[in-house]
Amino acid sequence: MLSARTIRRWSWVHTWSSLVCTVFLLMLCLTGLPLIFHEEIDAALNPGIWSPTSSDRQVTLDQLLVQALAARPGEVPVFMSFDDERPVVNITTAPRADAPQSAMHFSSYERNSGASVPPADRGAAAMHFILQLHMDMFLGLPGMLLLGAMGLLFSAAVISGVVLYAPFMRRLDFGTLRVTRAPRIKWLDCHNLIGIVTLTWVLVVGLTGVMNTLAEPIIEIWKARELGDLIAPHAGRAPAAKRSSLDTAVQAAVAAAPDMRLQFVAFPGSAYSTSRHYAVFLHGATPLTAYLYTPVLVDAVDGKLVGLRAMPWYVKALALSRPLHFGDYGGVPLKVLWAGLTILTLVVLLSGLYLWLVRRADGRSPHDGPFAAP
Amino acid sequence: MSPAVEVFAFPVAIAALSLVGLTLALFGDGLYDFCAWLGLALPLASVLWAMLRALNRPP
């Protein structure tokens, strides 16, 4: 077992890493709870808003694009994405292809008929506010990186908590809750039990959250290295002013990887492409590979295939960290478990804060008591 | 049993099974999802079990 001195050191790590990150973690848990169910909330607030029209028309992607741009004069296309569950195409436009997200406009159309799909926007503003708070606290990249640092501190708090679990539980059976003792003892037992059983989940959700805060730098590195490599032989070509057919480009991309599915198109000049190319993103057809994207570059002037390249490991890690953070990859029961585990995490955070406060009021160091009173 | 083994036997088992659950749902649907639910329900179930046990035990 650990020496008293080692325990004191780990206590110090546990106390201070927790204290710094607790207020952020409380916010992340509270905003995370509704975000787990954002699909269900959106669907409940916008019931029966769309049903497919039966139409024999077959519009092309180019026609859809013309239609979307006609509704937004002066704008350019940024992204076109394809829903998995329904035959719907979403088109994002903006004043410039590299405009910030806040300037982007999103509209949806039926793939076959081109009929407009009404936006499911009831409650969208509130959900967007919660998401923004959760992601970056309205501070952009610095906010994301700050939350990432808090996630790392939280992981340090969790790991030091596991080390301290051993001396605390030396004389107690697993799962002991001394509910008839003083509140401090009772909440200490709750803190220890819940903390240790949620260990794997909080570490996975915490560290994948940290990974998500690095999304912007990761995409920048990918663009500079991989995308740069892929287009190097074609460097120096002028930006695509007059563009070739989008349908031809998409067909060329799909033909280059026949076992993959179409996910989205990044238009020339947007964050995921170059000024000269359509970047057509495909994803795998199995549950695991569905999260992994492969970009295919197509020259936007002559419509010729430039090439495709599997994503490097760091983009794959980012792609897999999304479902593992959101909990949206195993049906509604998984989401309910995600919510239950979030609530347990809240109990750990609040009981930890309470234990620190009562210890301070006692004028003792936070971790010297329980060993004397098993 | 050594003290460390005794203290960490249940926590390690729960941690390992939760990890299996978290991973399984990534690899497939149906049965994979179901096993994932079981694995991740374990932390919640053990807290519930401990609470019921504490409340039913005479002081």
Side-chain angles (χ1 to χ4, degrees), chain A residues 1-2 162-163 165-181 186 189-190 192-205 208 286-292 320 322-324 327-341 343-345 347-348, chain B:
Chain A
M1 281 281 168
L2 305 172
V162 174
V163 175
Y165 180 82
F168 275 86
M169 296 302 291
R170 207 164 35 179
R171 301 200 190 94
L172 297 171
D173 286 339
F174 172 75
T176 302
L177 297 176
R178 291 167 289 179
V179 288
T180 55
R181 300 282 296 271
K186 185 170 78 179
D189 284 350
C190 280
N192 287 341
L193 171 67
I194 301 177
I196 203 78
V197 298
T198 55
L199 167 69
T200 304
W201 182 83
V202 290
L203 275 186
V204 167
V205 173
T208 52
T286 70
L288 183 64
T289 59
Y291 298 107
L292 301 175
L320 283 179
R322 288 191 171 131
L324 284 168
D328 61 353
Y329 61 107
V332 172
L334 193 70
K335 294 185 179 188
V336 173
L337 291 166
W338 229 253
L341 289 160
I343 291 167
L344 286 186
T345 305
V347 176
V348 175
Chain B
M1 274 200 290
S2 86
V5 171
E6 214 167 319
V7 165
F8 280 112
F10 277 107
V12 166
I14 291 170
L17 289 170
S18 322
L19 188 63
V20 171
L22 278 167
T23 320
L24 268 185
L26 272 180
F27 282 91
D29 296 322
L31 191 61
Y32 286 90
D33 280 348
F34 186 75
C35 295
W37 302 336
L38 292 184
L40 276 182
L42 214 51
L44 291 148
S46 48
V47 172
L48 201 65
W49 162 80
M51 279 168 64
L52 290 174
R53 199 178 65 143
L55 294 175
N56 290 330
R57 176 175 287 182

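All heavy atoms count here, side chains included; hydrogens, waters and symmetry mates do not. Chain identifiers are assigned alphabetically (A, B, ...) following the order of the sequence lines, protein sequences preceding nucleic acid strands; residue numbering begins at 1 within each chain.
- Rounding to the nearest 0.5 angstrom, the gap separating the CG atom in B:Leu42 from the OG1 atom in A:Thr198 is 12.5 Å.
- Other residues, nucleotides and ligands contribute at most 12 non-hydrogen atoms within 6.0 Å of the CZ atom of B:Phe10.
- Distance check: A:Leu199 CG to B:Ser18 OG gives 8.0 Å after rounding to the nearest 0.5 Å.
- Only the side chain of A:Pro323 comes within contact range of chain B, with at least one heavy atom under 4.5 Å from a heavy atom of that chain.
- Using a 4.5 Å heavy-atom cutoff, the side chains of B:Phe8 and A:Val162 are in contact.
- Contact record, A:Leu193 with B:Ser46: CD2-O, 4.5 Å, taken as the closest heavy-atom pair.
- Put simply, the side chain of B:Trp37 never gets that close to the backbone of A:Leu337: no donor and acceptor are under 3.5 Å apart.
- Under the 30°/60° scheme for interplanar angles, the aromatic rings of B:Trp49 and A:Phe174 are found to lie parallel.
- If you take CG on B:Leu24 and OH on A:Tyr329, they are separated by 9.5 Å, rounding to the nearest 0.5 Å.
- In terms of heavy-atom pairs under 4.5 angstrom with chain B, the leader among A:Asp189, A:Ile343, A:Leu320, A:Leu288 is A:Leu288.
- For the pair A:Leu334 and B:Leu40, the minimum side-chain heavy-atom distance is below 4.5 Å.
- The heavy-atom pair separating A:Thr200 from B:Ala15 by the smallest distance is OG1-O, 2.9 Å.
- Taken from CG in B:Leu26 to OG1 in A:Thr289, the straight-line distance is 11.5 Å, to the nearest 0.5 Å.
- For A:Leu344, the part lying near chain B is the side chain, with the backbone staying farther off; criterion is any non-hydrogen pair under 4.5 Å.
- Atom CH2 of residue A:Trp201 and atom CG of residue B:Leu22 lie 9.5 Å apart, to the nearest 0.5 angstrom.
- B:Arg53 has its side chain within reach of A:Thr176: a pair of non-hydrogen atoms, C-beta onward, lies under 4.5 Å apart.
- Residues B:Ala50 and A:Gly175 come closest through the heavy atom pair CB-O, 3.3 Å.
- Shortest non-hydrogen contact noted between B:Ala25 and A:Gly330 is CB-CA, 4.4 Å.
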